[in-house]
Amino acid sequence: MALVYITAGMLHFLMPKMYMRILPAYLPGHQFLVNFSGVVEIALGIGLFFEESQNWALFGIMAMLTFFLPVHFHMLYDKRASMELPKWALLLRIPLQFALMYWAYSYVS
């Protein structure tokens, strides 16, 4: 799980335009939000490696995934943000967020 979030966070810096493209226009500071969320994902992923910070990181991941939900709904309704993914794939991403939350919750001690 740690590697998933560290890799996802690094992608924010390697492919920032993709992440900025999926953000709703009503959110200000797209570059800041992409960088910030990348740093948060990396930090939470690293936090999973240490027993002292593992629960904190797991709850952080669940909160982060909750904050990301509006982006997934935005991708359903905005053609540019959808990145030309099929509608079924965009719809599948929503329950996937909840599955990822459950995955994190299942490790809380």
Side-chain angles (χ1 to χ4, degrees):
M1 183 185 303
L3 296 178
V4 167
Y5 289 103
I6 292 168
T7 301
M10 290 171 54
L11 288 174
H12 284 70
F13 299 99
L14 297 173
M15 302 166 52
K17 288 182 182 178
M18 179 189 74
Y19 288 94
M20 285 191 283
R21 179 179 176 181
I22 67 173
L23 288 174
Y26 63 81
L27 292 175
H30 285 183
Q31 183 68 56
F32 170 78
L33 291 173
V34 168
N35 291 340
F36 180 73
S37 59
V39 168
V40 169
E41 281 189 277
I42 292 167
L44 293 172
I46 291 169
L48 293 174
F49 285 117
F50 305 99
E51 190 174 332
E52 301 80 17
S53 59
Q54 190 175 47
N55 278 344
W56 169 85
L58 291 165
F59 283 109
I61 287 168
M62 290 183 280
M64 176 187 67
L65 292 170
T66 301
F67 285 113
F68 288 173
L69 276 171
V71 171
H72 294 289
F73 285 105
H74 173 67
M75 290 177 73
L76 274 171
Y77 299 105
D78 186 285
K79 185 168 177 62
R80 183 174 176 268
S82 73
M83 298 185 300
E84 299 182 21
L85 291 169
K87 193 71 117 179
W88 66 264
L90 296 170
L91 285 167
L92 188 61
R93 289 177 56 137
I94 295 167
L96 176 62
Q97 289 293 104
F98 290 101
L100 291 171
M101 288 180 210
Y102 179 77
W103 186 28
Y105 180 74
S106 71
Y107 284 101
V108 172
S109 57

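Computed from a predicted structure; not experimentally measured.
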- Task: Give the cluster check for Val71 versus Leu92: same hydrophobic cluster or not, with ILVMFWY residues linked at side-chain heavy-atom distances below 4.5 Å.
- Result: no
- Message: If hydrophobic clusters are built by linking Ile, Leu, Val, Met, Phe, Trp and Tyr wherever their side-chain heavy atoms come under 4.5 Å apart, do Val4 and Met64 end up in the same one?
- Response: yes
- Examine Leu100 and Ile22 and state if one hydrophobic cluster contains both, with Ile, Leu, Val, Met, Phe, Trp and Tyr joined whenever side-chain heavy atoms are less than 4.5 Å apart. yes
- Euclidean distance, Lys87 NZ relative to Tyr77 OH, rounded to 0.5 Å: 6.5 Å
- Query: Are the side chain of Ser37 and the backbone N or O of Val34 linked by a donor-acceptor pair below 3.5 Å?
  - Reply: yes
- Message: Nearest 0.5 angstrom please: Leu65 CG to Leu44 CG, how far?
- Response: 9.5 Å
- Query: Just how far is it from atom CG of Asp78 to atom CE of Met83, taken to the nearest 0.5 Å?
  - Reply: 11.5 Å
- Item | Euclidean distance, Leu90 CG relative to Phe73 CZ, rounded to 0.5 Å | 11.5 Å
- If you count the non-hydrogen atoms of other residues, nucleotides and ligands that lie under 6.0 Å from CE in Met18, is the total more than 12? yes
- Query: Of all heavy-atom pairs between Met75 and Ser82, which one has the smallest distance, and what is that distance?
  - Reply: O-CB, 3.3 Å
- Message: Tell me which pairs pass ring pair (Phe, Tyr, Trp, His ring centres under 6.0 Å) where either residue lies in residues 14-41, with sequence neighbours left out.
- Response: His12-Tyr19, Phe32-Phe36
- Please indicate whether Met20 has more than 12 foreign heavy atoms, meaning atoms of other residues, nucleotides or ligands, lying under 6.0 Å from its CE. yes
- Task: For residues Leu23 and His74, report the shortest heavy-atom separation together with the two atoms involved.
- Result: O-NE2, 3.8 Å
Under 3.5 Å, sequence neighbours excluded: what are the donor-acceptor pairs made by side chains of residues 48-63?
| residue | atom | partner | partner atom | Å |
| --- | --- | --- | --- | --- |
| Ser53 | OG | Gly47 | O | 2.7 |
| Ser53 | OG | Phe50 | O | 3.4 |
| Asn55 | OD1 | Ser109 | N | 3.0 |
| Asn55 | ND2 | Ser109 | O | 3.1 |
| Asn55 | ND2 | Ser109 | OG | 3.4 |

- Query: Is Val40 linked to Leu14 within one hydrophobic cluster, defined over Ile, Leu, Val, Met, Phe, Trp and Tyr using a side-chain heavy-atom separation of less than 4.5 Å?
  - Reply: yes
- Side chain proximity check, Ile42 to Phe13, heavy atoms < 4.5 angstrom: yes
- Decide whether Leu33 and Phe68 are clustered together by the hydrophobic rule: side chain heavy atoms of Ile, Leu, Val, Met, Phe, Trp, Tyr closer than 4.5 Å, transitively. yes
- Does Ile94 reach the side chain of Leu76, with side-chain heavy atoms less than 4.5 Å apart? yes
- At what distance, to the nearest 0.5 angstrom, does OH of Tyr107 lie from CE of Met1? 5.5 Å
- Heavy-atom closest contact (Gln31 atom, Pro16 atom, distance): NE2-CB, 4.3 Å
- Query: Asn35 versus Val39: any side-chain heavy-atom pair under 4.5 Å?
  - Reply: no
- Note on the structure: OH (Tyr5) and OG1 (Thr7) are apart, to the nearest 0.5 Å, by 11.5 Å
